[in-house]
Structures are given as C-alpha cells and as structure tokens.
2 protein chains.
Amino acid sequence: MLHAHDHAHCIADALTRADALCAERGARLTSLRRRVLELVWSGHQPRGAYAILDDLTQRDGKPAAPLTVYRALEFLVEQGLVHRIESLNAYIGCAEPGAMHAGQFLVCEACGNAVELDDPRVDDAIRTAASERGFQVRRPTVEVRGTCPDCQKPDLQEKSP
Amino acid sequence: MLHAHDHAHCIADALTRADALCAERGARLTSLRRRVLELVWSGHQPRGAYAILDDLTQRDGKPAAPLTVYRALEFLVEQGLVHRIESLNAYIGCAEPGAMHAGQFLVCEACGNAVELDDPRVDDAIRTAASERGFQVRRPTVEVRGTCPDCQKPDLQEKSP
DNA sequence: CATAGAGTGTTATATCATAACACCATGCTG
DNA sequence: CAGCATGGTGTTATGATATAACACTCTATG
C-alpha cells in the first residue's frame, strides 16, 4: 500500500504523538502499553491480539497472558491511539490520533494492509441518513473490503508493511 | 424499533421470498437451512451462531453441532438472505433479499435491534472516496452503533422483536 | 437403479475474549 | 516519611466464536 517507506519513522512518529497526547491528557502510557502500541504499529496490517501476545512472548522473552494484551489494547483504543477492525478481529495504529474521527478503513484482501479513509463525506452521509430515521449515532464503523492500488497491478503483488 | 408489529408476518414473508429466490436460482434451500433462516428471523436483533444452535437443540430437540449452523449460515449469507454483523459476531435476516446491496446497519445499543440502512448516498460516498484513492471496492460494510428512536424515549425502553 | 455431487453428522481443535482475584507500583495525604 | 488509595499488572481458569478432517446420506439425473 503506502509504497516503500521508512516504516521505522511511522513507528517513532506514532510513539512520539502517543507520548504527547497521553501527557496532555494525564493518561498513563506505561511501558507495557507503549510496547503494545509499538507492536501494533509493526506494520500497516491489522494485527490480532494473539499475534501481539506472541511478539511479547517471543521477541521480548516476556511470557504474557492474553488479558495483558487485551487490557493494553483497551486503553489504546480508548485513547484513540489504536482502532479495532471488527471484520478482522484485529487492531491497527491510528494514523491521526488526537483528531476525533470515525473509524473508516479500506482493507485490502490481497496484501492485508488497511488504511484509514476518514472521509467527511462518508461520515456526513451516514449521519444524515441515520438522523432521517431518528437514529442517534454514537459510533459509525466503516470497513471496506477490496483491493488496494498496489495489488491491482498484476506483477508486484503481496506487499507488506 | 419497528414499533409493535406482527412479527409472524415478517418471518413468513422472509421464508416465502427465500423460497422464491432459491427456486429461481436453483439454490437448494433445504429444510435445515430454511429452519436456520427462520431462527435468524426470530427477532430483529442479530443472533449469534450459538444462540441459533441452542434453538435447534432446545426448541427442536435436535442436538446439533456448531458446524451445522455455521454451514447453513454460510449458505444463507452467500444467497443474500442473511447478513453478518461483524461488530457483534451475529447474524440478521436481510430485509431486501434479491436486491443486491451493501450491508449497512443501524445497531441500537439499548435494545439490541438492528435495521438495515442501505442508503445509496452512503454507498456513493464510500465508492467515491475509495475510488479517489485508487481502491477497488468489493464489499463495503457499515455498522452504526447508537440509539434507535424508541430507545431515545426515556420511558418505554428495551423493546425487542 | 447407479452414481456423482452436494449436504449433513461427528469429533476434535483452533481462535478470540473475559472473569475473578491477588499482588505491586505510583502518587497523594497526613 | 508512613500509610493508604487507586490504578496497573500477573495468574489461572473459563467462556465465546469459528473451522478442519473425514465419513455417511440424500437428491437429482442419466
């Protein structure tokens, strides 16, 4: 998806913004939570809770329990630092934390990458349609399955982070 | 949600349309699949696969295995007779089978009911935004959490089917 | 009625998520 | 600084959702 890029920069950037946001809010971005955030950001593919668990166990050598990861993810989602992709039971780093936004994602079925859409027109259309039906919106979820630009090119398929 | 209504009619109607559609397509709506469809339609709340399994076991007295239900649901979803609500891991009868449409739902967090939205403006906005990013859409999913009109009235809460 | 293909049953197992409770770390209060 | 309250983490167990592999059965069709 995002073509070749310096992903280390993505990660560093995400952590820096997370530090700033949490400091600002008085939220405690503990080392465990920070580490989980880093692991969520290890690519642009949504990662399952148990994949992150394996990372903690194997890459860090710290055997961890599922709850450890789920609790960290819960915190990160609450803080808007991570989104949950419902249709994949997986988590992905938020591209624009701080800015409150709906979770809108384009999920490529070929490479597995997901990018945030967060298009105001989509959000408007949803809110308009809902309000016409008297429905009070709390949290809109949009997850579009399909094929990303890179994977539409027949040759250089299956790119990852 | 849909106020008081003759739900038996909803069910009968859904089954009739399913019969017709499957006949037309040469798809085999077996008695098991038909029964699962009926159980999915037992209300306007999305139902989990294991809830349906319990119905089969308890209401019908036929002890069934999870796979039995999952296979029937898979068929029904393929035929567009049932939708899966990703954010609930649950299934709901399709209001307009036959008409190919995106899965757009308003899910009430108070009563648990879900209604199809299927608003063309929402679909257009998604397709426009996706296509601007070169993303090829295969299946858009929209699931809006919030509060339905009935549950916004303070008194008569918690309505069901 | 023989047979191929789709459907179903059965058993086992994988994957995703949470409950209950104990312990520890941090920061505040007196 | 001691004590304490709060929130974070560890541990164990369990619940909820979903699929794999393989055998048997039914149904449509020649």
Side-chain angles (χ1 to χ4, degrees), chain A residues 18-19 22-23 25-40 45-58 60-79 81-92 107 112 141 143, chain B residues 18-19 22-40 45-58 60-79 81-92 112 141 143:
Chain A
D19 288 333
C22 288
R25 293 170 184 166
R28 293 172 58 187
L29 186 62
T30 64
S31 69
L32 173 63
R33 290 166 172 176
R34 200 167 186 280
R35 178 61 174 142
V36 169
L37 177 59
E38 190 178 3
L39 291 170
V40 167
Q45 298 184 348
R47 309 206 75 206
Y50 279 74
I52 291 164
L53 182 61
D54 287 348
D55 286 346
L56 274 180
T57 301
Q58 291 166 25
D60 292 9
K62 283 189 181 179
L67 253 193
T68 303
V69 171
Y70 278 105
R71 284 192 286 221
L73 287 171
E74 182 185 24
F75 170 86
L76 296 169
V77 168
E78 272 169 7
Q79 295 298 321
L81 299 168
V82 161
H83 292 291
R84 175 179 164 83
I85 309 286
E86 300 290 349
S87 57
L88 295 173
N89 295 329
Y91 301 82
I92 190 167
V107 181
T141 298
E143 296 174 9
Chain B
D19 287 334
C22 288
E24 188 178 306
R25 294 171 183 164
R28 294 172 56 188
L29 186 62
T30 64
S31 68
L32 173 64
R33 289 166 172 176
R34 201 168 185 278
R35 178 61 176 143
V36 169
L37 177 59
E38 191 179 1
L39 291 170
V40 168
Q45 298 184 349
R47 309 206 75 209
Y50 280 75
I52 291 164
L53 182 60
D54 287 347
D55 285 346
L56 275 179
T57 302
Q58 291 167 26
D60 292 8
K62 284 187 181 179
L67 252 193
T68 303
V69 171
Y70 279 104
R71 285 191 286 221
L73 287 171
E74 181 184 24
F75 169 86
L76 295 169
V77 168
E78 271 169 6
Q79 295 297 322
L81 299 169
V82 162
H83 293 291
R84 175 180 163 83
I85 309 285
E86 300 289 351
S87 57
L88 295 174
N89 295 327
Y91 302 81
I92 191 167
T141 297
E143 297 174 8

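This is a predicted model, so every value here is computed, not measured. Every chain is numbered from 1 and lettered A, B, ... according to where its sequence line falls, protein lines coming before strand lines.
For the pair B/L73 CG and C/dG7 P, the computed distance is 15 Å after rounding to whole Å. With rounding to whole Å, B/L76 atom CG is found 10 Å from C/dT8 atom P. Look at CG on A/D54: it is 10 Å from P on C/dT15, rounded to the nearest Å. Here the P atom of nucleotide C/dG7 and the CD atom of B/E78 are 9 Å apart, to the nearest Å. Protein atom CD of B/E86 is 13 Å distant from nucleotide atom P of C/dC16, rounded to whole Å. For the pair B/E74 CD and C/dA6 C1', the computed distance is 13 Å after rounding to whole Å. Atom CG of A/L53 and atom P of C/dT15 are 13 Å apart (whole Å).
When side chains are defined from C-beta on, B/F75 counts as touching B/L29, because their heavy atoms get closer than 4.5 Å. Counting heavy atoms from C-beta on, the side chains of A/L73 and A/V40 come closer than 4.5 Å. Between B/R71 and B/L32, every side-chain heavy-atom pair lies at or beyond the 4.5 Å cut-off. Counting heavy atoms from C-beta outward, B/S87 and A/T141 have side chains that stay 4.5 Å or more apart.
No donor-acceptor pair closer than 3.5 Å links the side chain of A/E143 to the backbone N or O of A/V107.
In this structure, A/R35 pairs ionically with A/E38, as a charged nitrogen and a carboxylate oxygen lie closer than 4.0 Å.
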| remark: Letter by letter from the 5' end, nucleotides 7-21 of chain D scores (B base, S sugar-phosphate only, - none; protein heavy atoms under 4.0 Å) SSBBBB----BBBBB
